[in-house]
Amino acid sequence: MQVSGEWGRSHRFEHAGKIIDFEVPQHFTMSSSRAVKNACLTGYGYALLAEFMVAEDLAAGSLIRLLPDYRPVEQSIYAFYAQRFQTPRKVRVFVDYLVEAFGS
């Protein structure tokens, strides 16, 4: 199972000092990480999801960690928005928040 788009087609992990690339079988795609989580909760498949999304489910035993000794390699986050003479304030505030929250 994977989230649609280019991200998610392969997963990159670090294990024992080595980088391991894992190509994800593409049986179908979803465009919502919440839908991916729900599919995992119903036993449909597995996924690489953010810790904050699954922490309660892991604690409750609803989900299990498949590769506890493998650490996902960090990936960049990009914000795309239309360049305009006057960018809407709500867009600028949101982009500024992302920069502050996730670093440079």
Interatomic spacing from [atom1] in [X] to [atom2] in [Y] - rounded to 0.5 Å:
| X | Y | atom1 | atom2 | value |
| --- | --- | --- | --- | --- |
| Leu49 | Cys40 | CG | SG | 6.0 Å |
| Ser33 | Leu48 | OG | CG | 11.0 Å |
| Glu23 | Asp21 | CD | CG | 7.0 Å |

Is there a donor-acceptor pair under 3.5 Å between the side chain of Lys37 and the backbone N or O of Met53?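 Yes; judged by distance alone, with no hydrogens or angles, the pair exists.
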CZ of Phe22: more than 12 outside heavy atoms within 6.0 angstrom?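 Enclosed: over 12 neighbouring heavy atoms sit under 6.0 Å from CZ of Phe22.
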How close do [X] and [Y] get, heavy atom to heavy atom, and via which atoms?
| X | Y | result |
| --- | --- | --- |
| Leu58 | Leu63 | CD2-O, 3.5 Å |
| Val95 | Ala79 | CG2-CB, 4.4 Å |
| Met30 | Ala39 | CE-CB, 3.8 Å |

Quick one: which residue pairs count as a salt bridge (charged side-chain N to carboxylate O under 4.0 Å, His left out) with a foot in residues 25-35, not counting sequence neighbours?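 The answer is none; no pair qualifies.
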Side-chain heavy-atom pair Arg12, Pro72 within 4.5 angstrom cut-off: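 Answer no - side chains too far apart.
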Do Val73 and Phe13 land in one hydrophobic cluster if side-chain heavy atoms of ILVMFWY residues count as linked below 4.5 Å?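 Per the 4.5 Å side-chain linkage, Val73 and Phe13 are not co-clustered.
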With clusters defined by side-chain heavy atoms of hydrophobic residues (ILVMFWY) lying less than 4.5 Å apart, directly or transitively, does Phe52 cluster with Leu41?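 Shared cluster, yes.
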If you look only at distance, which donor and acceptor atoms sit under 3.5 Å apart when one is on a side chain in residues 64-71 and the other is two or more places apart or in another chain?
residue	atom	partner	partner atom	Å
Arg65	NH1	Glu51	OE1	3.4
Arg65	NH2	Glu51	OE1	3.4
Arg65	NH2	Glu51	OE2	3.3

